[in-house]
Protein chains: 2
Amino acid sequence: MTNERPPDRRVRRTKQRLDDALESLIIEKGYDKITVQDLIDRADVGRSTFYAHYETKDDLLISWTQLADDMELHMAHEQLDAGSAMPSLTLFRHLGEHHHLYKAMLGGRGIDIVTEMIHSTLLGHATSVLERRPDANDQTTIPIEVRAGFLASSLLALLTWWLDNDRPYPPERMDEIYEELTKTT
Amino acid sequence: MTNERPPDRRVRRTKQRLDDALESLIIEKGYDKITVQDLIDRADVGRSTFYAHYETKDDLLISWTQLADDMELHMAHEQLDAGSAMPSLTLFRHLGEHHHLYKAMLGGRGIDIVTEMIHSTLLGHATSVLERRPDANDQTTIPIEVRAGFLASSLLALLTWWLDNDRPYPPERMDEIYEELTKTT
DNA sequence: TTTGGTATAGAACATCATGTCTGATAACAA
DNA sequence: TTGTTATCAGACATGATGTTCTATACCAAA
């Protein structure tokens with residue numbers, strides 16, 4: 001139904017430039033201090049060109065972080081087969097590999113939109129895991145909703161702390177810690 | 001040494017007006033959408049008057065949230081005698097009593113500065129509790145720093161979830177849940 | 001109640017970022 | 001080559017910021 005035509009080469013170039021500008025500026029000065037002016041200066045793109053594609057700064061970020069979001073989902077699927085409840089090890093490894101970027105997006109002065117995106121992804125994962133587990137309600141009377149939120153928030157908090165403190169432990173150790181802290185048996 | 005003179009009655013009036021304006025505007029439209037123009041309009045205060053006392057919007061917020069921060073500390077002391085590790089029950093009760101304000105400050109579109117302030121307070125409390133406990137390192141090899149961060153973040157996450165979802169359970173139940181989820185014995 | 005000090009109001013002002021719109025130009029796909 | 005379309009450069013209105021000025025009103029203390 002939706003007739004999707006491949007975008008013009010010029011469009012691709014423009015968007016690529018803006019994406020690159022956004023990423024470098026996030027690492028340099030933090031997202032909230034970036035202005036549209038900064039973006040079009042760095043990308044060397046006309047003012048009207050920016051507004052031809054995006055309405056706001058957030059617009060650009062959202063379409064950009066689709067990539068990051070897809071990554072999370074992809075990793076979640078990878079880990080699903082491993083039997084672990086949450087894809088913690090994979091996440092520590094992946095975020096560690098791109099720590100410059102993720103520290104700027106999750107750490108102290110992070111980007112709310114990105115944090116919410118990742119939290120939402122983790123929450124969905126935790127929920128589906130708990131729902132599929134038959135003995136999920138045997139040990140506790142705490143609603144699944146609450147436990148899933150707890151698992152997601154705890155992992156996000158550990159990841160954020162890890163990045164903020166310049167990754168003092170290897171991903172494997174962080175995974176162990178997460179498992180032990182959230183094991184309420 | 002520091003000769004602290006009581007502030008002029010006019011100064012007190014102005015600051016009080018700005019504080020009231022800030023609080024009502026936070027609840028109404030959220031902190032990030034507030035402009036200095038909004039504040040001086042609502043407070044009915046001259047533009048130059050605002051800048052005579054504060055440099056930025058954040059300046060006003062910080063001096064304002066000293067009150068909230070002091071409240072947290074006060075509650076922490078109250079609870080210390082009760083023997084519980086974290087002042088969770090007191091916090092759920094207090095935030096529930098002022099849920100309109102705290103939902104706007106902690107919830108989905110919250111205020112980073114306030115969140116960080118509260119988290120910092122909780123972290124300090126958790127750290128001192130764990131440090132004073134003699135058997136703190138018997139059961140686990142996880143560093144105190146990490147466990148304290150986990151306790152603080154978990155409580156903050158539960159509080160935030162509770163406010164965002166319009167407090168579906170009473171404070172007493174939330175306290176139970178928190179104790180059970182963070183009991184890793 | 002007066003007096004000297006000071007906070008405030010009101011307004012003007014420069015600056016900056018935003019978002020819209022125009023016509024001319026260049027690059028594109030077919 | 002041709003018709004289409006993205007881009008550019010620039011102008012423009014708007015709104016918020018932060019500074020500065022003077023006259024005025026208020027205050028605390030004598």
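Below, each value reflects all heavy atoms present in this structure, side chains not excepted, and no hydrogens, waters or symmetry copies. Keep in mind that what you see is a predicted model, and the values were worked out from it rather than measured. Throughout, a chain's letter reflects where its sequence line sits, starting with A, and its residues are numbered from 1.
The side chain of A:Val11 has D:dA6 as its nearest neighbour among C:dA7, D:dA6, C:dC21. Comparing D:dA25, D:dG18, D:dT5 against the side chain of B:Val36 picks out D:dG18 as the nearest. Residue A:Thr35 has its side chain nearest to C:dT18 when only C:dC28, C:dT18, D:dC21 are considered. Residue B:Asp8 places its side chain closer to D:dC27 than to any other of D:dC21, D:dC27, D:dT17.
Protein atom CZ of B:Arg9 is 13 Å distant from nucleotide atom C1' of D:dA29, rounded to whole Å. Atom C1' of nucleotide D:dA16 and atom NZ of B:Lys29 are separated by 12 Å, given to the nearest angstrom. Atoms CD1 (B:Ile40) and P (C:dT8) sit 13 Å apart, rounded to a whole Å. To the nearest angstrom, P of C:dA7 lies 11 Å from NZ of B:Lys15. C:dA27 atom C1' lies 13 Å from atom CZ of A:Arg17, rounded to whole Å. Rounded to whole Å, the distance from CD on B:Gln16 to P on C:dA7 is 18 Å. Rounded to an integer number of Å, the gap from CD of A:Gln37 to P of C:dG19 is 12 Å. One atom, CD of A:Glu55, and another, C1' of C:dT20, lie 13 Å apart when rounded to the nearest Å.
A donor-acceptor contact under 3.5 angstrom links the side chains of A:Tyr31 and A:Asp58, judged on distance only.
Interface remark: the B:Thr14 side chain does not form any donor-acceptor pair with the C:dA7 base, using a distance-only criterion of under 3.5 Å. Below the 3.5 angstrom threshold, one finds no donor paired with an acceptor across the side chain of A:Arg47 and the base of D:dG10.
A donor-acceptor pair is defined here as one N or O able to donate and one able to accept, closer than 3.5 Å; such a pair exists between the side chain of A:Thr65 and the backbone of A:Ile62.
Scanning all heavy atoms of the two residues, the minimum distance from B:His119 to B:Ser153 falls at NE2-OG, 3.2 Å.
Enclosure of atom NE2 in B:His100 is not indicated, since only 12 or fewer non-hydrogen atoms of other residues, nucleotides or ligands lie within 6.0 angstrom. Other residues, nucleotides and ligands contribute more than 12 heavy atoms inside 6.0 Å of the NZ atom of A:Lys29.
A:Arg10 has no side-chain polar atom (N or O) that falls below the 4.0 Å cut-off from OP1 or OP2 of C:dA26. Between A:His53 and D:dA6 there is no side-chain polar atom (N or O) within less than 4.0 angstrom of OP1 or OP2. Side-chain nitrogen and oxygen atoms of B:Thr49 include none within less than 4.0 Å of the OP1 or OP2 phosphate oxygen of C:dA7.
Looking at heavy-atom distances under 4.0 Å, B:Asp38 makes no contact with the nucleic acid at all.
Comparing B:Arg12 and B:Ile34 by the nucleotide of DNA chain D that holds the closest heavy atom to each, the one mapping nearer the 5' end is B:Ile34.
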